[in-house]
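FYI, the numbering just counts along the sequence from 1.
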Amino acid sequence: MTDPAGERTPRRRPSADSARGSAARSRSGAPGTKARSSRAADGGAPMKARRSPTPPEKPASKSEPERGTGGRWPMADRSALPTVLGVPPIAAVGIAAALTAIGVLVDLTRIGNLSTVFTVCHISGCVLAVIWVRRSGLFGPMVQPPLLVAAAVPVVVLMAGNPRPGQGVAEQLLVIGAPLVNAFPVMAWTTGTVLVLGLLRIVLQRPLSA
């Protein structure tokens with residue numbers, strides 16, 4: 001390039017400082033451009049997605065006995081039948097006590113003495129208890145027949161209003177003791193039957209050795 005006087009003027013080269021500044025401006029502007037373009041492409045959506053709260057874990061349920069092969073319950077939980085789950089000892093004793101009390105109440109109200117209804121209810125209740133109870137709770141149903149009679153007869157007699165308040169001590173003891181004496185044969189037979197059934201279950205339902 002020449003000036004009007006005909007002399008050639010030298011071109012100005014960009015200094016090193018200006019070159020470094022432009023390069024720095026180009027580098028600093030690049031990330032902002034990329035971020036703005038990515039937000040524009042996503043439609044202004046936030047970069048991090050919100051995490052949904054995890055539901056609390058439910059507590060583990062209590063372990064229950066499981067049936068084995070052929071629908072058999074574990075030895076300690078089964079009744080006299082392998083496929084029938086046994087009831088707790090307190091439930092078995094409650095069944096026998098309820099039936100015994102019903103038999104005592106019906107007979108004392110009907111004829112004033114223990115007879116057929118008491119015999120049927122007492123024997124069936126005690127036998128059902130020792131058959132239905134679980135294997136691990138046989139002791140209570142095996143020893144309950146005399147205890148049930150000794151508890152049920154006085155309670156039912158007193159609830160029925162006998163003996164009367166005007167009677168003497170001997171008469172009161174006679175009113176309470178007479179049904180107990182009459183119930184002794186039935187109680188003895190029931191106790192023997194229940195013991196035999198319980199011992200059979202103990203021998204036949206022995207847990208398998210490891």
Side-chain angles (χ1 to χ4, degrees), residues 65 67-68 70-163 167 169-210:
R67 293 191 179 190
R72 295 170 177 264
W73 293 98
M75 188 65 69
D77 298 315
R78 67 178 59 170
S79 63
L81 300 177
T83 56
V84 178
L85 181 64
V87 298
I90 189 171
V93 173
I95 293 172
L99 290 176
T100 301
I102 291 174
V104 173
L105 179 61
V106 171
D107 274 348
L108 289 181
T109 305
R110 184 171 58 93
I111 59 176
N113 201 356
L114 299 182
S115 183
T116 307
V117 178
F118 164 75
T119 302
V120 173
C121 291
H122 182 60
I123 295 177
S124 60
C126 293
V127 171
L128 179 62
V130 80
I131 289 177
W132 200 1
V133 72
R134 60 182 57 169
R135 168 65 175 77
S136 58
L138 271 172
F139 178 76
M142 287 176 63
V143 300
Q144 71 179 345
L147 301 177
L148 291 181
V149 174
V153 171
V155 170
V156 174
V157 169
L158 293 175
M159 289 179 60
N162 295 318
Q167 294 178 342
V169 178
E171 294 178 351
Q172 293 178 2
L173 293 177
L174 183 61
V175 171
I176 297 175
L180 288 174
V181 174
N182 294 332
F184 182 80
V186 177
M187 179 190 67
W189 280 104
T190 305
T191 303
T193 304
V194 167
L195 287 175
V196 170
L197 292 175
L199 291 175
L200 284 176
R201 286 194 60 184
I202 291 175
V203 172
L204 297 177
Q205 293 183 327
R206 288 178 296 180
L208 299 177
S209 58

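For the atom pair L85 CG and W132 CH2, the distance stands at 10.0 Å (nearest 0.5 Å). Once rounded to the nearest 0.5 Å, the distance linking CG of L81 with CZ of R72 reads 10.5 Å. Annotation: the span from L105 atom CG to M159 atom CE amounts to 7.5 Å, rounded to 0.5 Å. To the nearest 0.5 Å, atoms CG (L138) and CG (L200) are separated by 11.0 Å. The CZ atom of R135 sits 10.5 Å away from the CZ atom of R78 when rounded to the nearest 0.5 Å. Taking CG of L108 as the start and OG of S115 as the end, the distance is 10.5 Å to the nearest 0.5 Å.
Listed here is the closest heavy atom pair of A96 and Q144: CB-NE2, 3.4 Å. Of all the heavy atoms in P141 and G137, the pair that sits closest is CD-O, 3.3 Å. Looking at every heavy atom in both residues, C126 comes nearest to T190 through CB-CG2, 3.6 Å. Taking every heavy atom of both residues into account, Q205 and S79 meet most closely at NE2-O, 2.8 Å.
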Before you tell me yes or no, could you show the steps for M142 and T191 under side chain to side chain contact (heavy atoms under 4.5 Å, CB included), namely the whole-Å CA-CA distance, both residues' side-chain angles and the distance that decides it to 0.1 Å? CA-CA 8 Å; M142 287 176 63; T191 303; over 6 Å; no
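Sorted by first and then second residue, the side chain to side chain donor-acceptor pair (under 3.5 Å) pairs with a member in residues 86-114 read T100-H122, D107-R110, N113-N182; sequence neighbours excluded.
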Can you give the donor-acceptor pairs under 3.5 Å from side chains of residues 148-158 to other protein atoms, not counting sequence neighbours?
none

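Residue I90 places its CD1 atom among 12 or fewer non-hydrogen atoms of other residues, nucleotides or ligands, all under 6.0 Å distant.
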